[in-house]
Engineer: 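My questions all concern the structure below.
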Amino acid sequence: LPPSAKVWVEGTMLPVPLMQLKTGDRILCYDRLSSNLKHSAISSVEVKEGDTQWLMVSLADGTTLQMTSDHLVQPDRPNTNSAIDR
């Protein structure tokens, strides 16, 4: 995620900047197995410095996500079509 991104942390009133997150914080995320939102604990935090190549991923519903080019992505089901704009 870009450094300017914010996430919902369990127990907070407003979204929190990524730079304030620490291992063990529970952030709101989408659980693809249950198809629901839930809070999950952060297992590790990594900050990349220096030149970073960013991608914009466009989902079928029109949602866009900005992520690093080496970010792992696992589709919900095999043979799904996704559009990645570089």
Engineer: To the nearest 0.5 angstrom, please state how far the OG1 atom of Thr23 sits from the CD1 atom of Ile42.
Structural biologist: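 If I round to the nearest 0.5 Å, the distance is 7.0 Å.
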
Engineer: Around Asp61, counting heavy atoms of other residues, nucleotides and ligands shown, do more than 12 lie under 6.0 Å from its CG?
Structural biologist: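 Result for CG/Asp61: enclosed.
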
Engineer: At what distance, to the nearest 0.5 angstrom, does CG of Leu28 lie from NZ of Lys38?
Structural biologist: 11.0 Å

Engineer: Would you check if the side chain of Asn36 reaches a backbone N or O of Ser34 as a donor-acceptor pair within less than 3.5 Å?
Structural biologist: yes

Engineer: If you look at every heavy atom in Met56 and Thr64, which pair is closest and at what distance?
Structural biologist: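 Result for this residue pair: SD-CB, 3.7 Å.
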
Engineer: Do Leu65 and Leu59 come within less than 4.5 Å of each other through their side chains, counting heavy atoms only?
Structural biologist: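 In short, these two side chains touch, coming nearer than 4.5 Å.
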
Engineer: Using 0.5 Å steps for rounding, measure from the NZ atom of Lys6 to the OG1 atom of Thr12.
Structural biologist: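 Rounded to the nearest 0.5 Å, the NZ-OG1 separation comes to 11.0 Å.
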
Engineer: Please report the closest heavy-atom contact between Leu21 and Val45, naming both atoms and the distance.
Structural biologist: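 Nearest heavy atoms, Leu21 then Val45: O-CG2, 4.1 Å.
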
Engineer: Is the closest side-chain heavy-atom distance between Tyr30 and Ser35 below 4.5 Å?
Structural biologist: yes

Engineer: Arg26 side chain to His39 main-chain N or O, any donor-acceptor pair under 3.5 Å?
Structural biologist: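 At least one qualifying donor-acceptor pair exists.
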
Engineer: With a 4.5 Å heavy-atom cut-off, do Ile27 and Glu10 have their side chains touching?
Structural biologist: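 Not touching, per the 4.5 Å side-chain cut-off.
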
Engineer: Is there a continuous path of hydrophobic side-chain contacts, each under 4.5 Å between heavy atoms, that joins Val9 to Leu14?
Structural biologist: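 Per the 4.5 Å side-chain linkage, Val9 and Leu14 are not co-clustered.
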
Engineer: Grab the two heavy atoms, one from Gly24 and one from Ala41, that are nearest each other, plus how far apart they are.
Structural biologist: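 So the two residues come closest at O-CB, 4.1 Å.
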
Engineer: Say you draw a straight line from CH2 of Trp54 to OG1 of Thr68; how long is it, rounded to the nearest 0.5 Å?
Structural biologist: 6.0 Å

